[in-house]
Amino acid sequence: MDEQNVLVRERLRKLEELERAGVDPYPARFTVRHLAADLHREYAALSEEQAAGPEVVIAGRLMSLRSHGKATFAHLQDGSGRIQIYIVRDTVGPEAYELCKKLDVGDHLGVEGSLFRTKTGELTVRARTFQFLSKSLRPLPEKWHGLTDVETRFRQRYLDLIANRPVADTFRKRSRLIAEIRRFFDERGFLEVETPMMQAMAGGAMARPFITHHNALDLTLYLRIAPELYLKRLIVGGFDRVYEINRSFRNEGVSTQHNPEFTMLEFYQAYADYHDLMTVTEELLSHLAQAMMGGQEIPYQGQRLSFAPPWPRLTLEEALVKLARLDAETLSTEAGARETARRHGVISVPGWGRGKILGELFDALVGPTLHQPTFIIDFPTELSPLAKAKAADAAVVQRFELYAGGMEIANAYSELNDPREQRARFLEQLGRRDQGDLETHGLDEDYLLAMEYGMPPAAGEGIGIDRLAMLFTDSPSIREVILFPLMRPAQGAQGERGTADAV
RNA sequence: GACCCGUUAGCUCAGUCGGUAGAGCUCCUGCCUUUUAAGCAGGGAGUCCGGGGUUCGAGUCCCCGACGGGUCACCA
């Protein structure tokens, strides 16, 4: 502990004085009977004239302290909010009042007393007794400015939650959002399931995985990049509607929209196609907007996003032509697409086909500009090895992505369920990998085996929960909606590194 | 991975031209029984991110590094 610090030393001194006085500064339990927010709501009408209000028992963290000699005001913060307490020597007695001088901001305290309203109108608990519940040894962030240092906010999120009320609200909203999503799917007959996060082959998306190892089986395993292939095995197994709110892991950089571990909703519905899922998506998001915000419009980074359905639907090529003003004729050939990419500073690798280049052009030129909810549909087959092709054009699959707030929010398609075609697509991916593309899909025999038993027609979708939470909390960065975003260890190279061989 | 910006007291931040490191809040002591950014008086508090260099002298200038943020790249 940082005993050099005077502030810590002072608190240790008070702690020892409490113990000498026979007080347990860390008791095991306390019976809480009331929450601050409930009291504010229930006794909004309590008047100043009313001498002795109802008896209450509250507990929380001390957030402010104003001593006036023989009387002390303080604010107690519990999970619901804050309430003022008033400790008077004549009420608690002289011995207890001496102990009250050992209080510090940050301590946890239990208080029994009666409600009253001060002459400045604030609902307050006049303590009859109070009890130390936990002595705090370190000073909290300062009361005016709170905590603004971004690094400290993320590394010591508990301080952020204590000091910055809106941050706590953001995470409460995130929790409500997920609860509401569960309710939506449960009501529609979906079964919530859990599938492996450690997989012998990381499939279901095109991304590089994290690698780990199982000692007893001497097995290389990968952290999943998506639950997709397991969820579709369940569709084969007869669970016609399944969903998983899953943590997936992708070994890639961090940005305002990417964290290496992230939360995704994936759901699959048998006998449906991607058009059905566009409808489900519209229903889901407009429902969430209604439940969370009380309307179809939500503010996001200075814009107003409207989730009132229906939302525009554009094919990927239409988007490139209409929104990026690219020339349809030129884009129709691989050489033309490549030339267009070069002109717009979009990198293309020699092995890439026309579809991949169109995808890159879209990501660079169109995606970030789509603020209002917009479906982009009909993606190149070479980008979508698990999606069913359109009947009219094998180069395009029945797939959509949803964009909102300039971010990709969802990705869905009619699932490819022809095992012969799936095998051919996997082999095509392997060919691409041989040409140096690291983010191709592997050939998953075990998945093909399942499909050979017969997978019903189905459509599946993944929705980025973190990004959805960004939208609903008006957060500019994914780190604002992830409690503990990935960070380098604070001590850097000093000592902690190089111990990975402990595995 | 590249570029830009940042790192000074527990917190929020100043720090001029290179010349003894500052403020507010927090903390301590005293007074104070309806305050709420309580007040008044007095006092304390520093690895200026780390390491090197230039200099009589570096928080300040130069180089290397750490961590963070942003932009780009990568990545849905």
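Here is how names work: the chains are called A, B, and so on, in the same order as the sequence lines, proteins then strands, and each is numbered from 1. Computed from a predicted structure; not experimentally measured.
With sequence neighbours excluded, the residues satisfying ring pair (Phe, Tyr, Trp, His ring centres under 6.0 Å) with A:F375 are A:W311, A:F400. Looking at residues two or more places apart in sequence or on another chain, you find a side-chain contact (heavy atoms from CB on, under 4.5 Å) between A:V396 and A:D378, A:K390, A:D393. Partners of A:Y86 under the ring pair (Phe, Tyr, Trp, His ring centres under 6.0 Å) rule, at least two apart in sequence or in another chain, are A:F73, A:F116. Legend: residues meeting side-chain contact (heavy atoms from CB on, under 4.5 Å) with A:D474, ordered by chain and number and at least two apart, are A:Y300, A:Q301. For A:R247, the side-chain contact (heavy atoms from CB on, under 4.5 Å) partners two or more places apart in sequence, or in a different chain, are A:M197, A:F249, A:E261, A:T263. In this view, A:K232 and A:E228, A:E415 satisfy the salt bridge (charged side-chain N to carboxylate O under 4.0 Å, His left out) rule, not counting sequence neighbours. Listed by chain and number, the residues in a ring pair (Phe, Tyr, Trp, His ring centres under 6.0 Å) with A:F379 amount to none (sequence neighbours excluded). Listed by chain and residue number, A:E151, A:T152 satisfy the side-chain contact (heavy atoms from CB on, under 4.5 Å) test with A:D149 (two or more places apart in sequence, or in another chain). A search for salt bridge (charged side-chain N to carboxylate O under 4.0 Å, His left out) contacts involving A:R250 returns nothing, not counting sequence neighbours.
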What nitrogen or oxygen pairs link the protein and nucleotides 38-48 of chain B at under 3.5 Å?
{"unit_1": "B:A38", "atom_1": "OP1", "unit_2": "A:K143", "atom_2": "NZ", "d": "2.0"}
{"unit_1": "B:A38", "atom_1": "N6", "unit_2": "A:S67", "atom_2": "O", "d": "3.0"}

Give every pair of a protein N or O atom and an N or O atom of nucleotides 68-70 of chain B that lie under 3.5 Å apart, one pair per line with the distance.
{"unit_1": "B:G68", "atom_1": "OP1", "unit_2": "A:R488", "atom_2": "N", "d": "2.8"}
{"unit_1": "B:G68", "atom_1": "O4'", "unit_2": "A:E151", "atom_2": "OE1", "d": "3.0"}
{"unit_1": "B:G69", "atom_1": "OP1", "unit_2": "A:R479", "atom_2": "NE", "d": "3.3"}
{"unit_1": "B:G70", "atom_1": "OP1", "unit_2": "A:R479", "atom_2": "NH1", "d": "3.4"}
{"unit_1": "B:G70", "atom_1": "OP2", "unit_2": "A:R479", "atom_2": "NH1", "d": "2.8"}

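Stems are defined here as 3 or more consecutive Watson-Crick or G-U wobble pairs with pairing distances under 3.5 Å; those involving RNA chain B are B:1-7 with B:66-72, B:10-13 with B:22-25, B:27-31 with B:39-43, B:49-53 with B:61-65.
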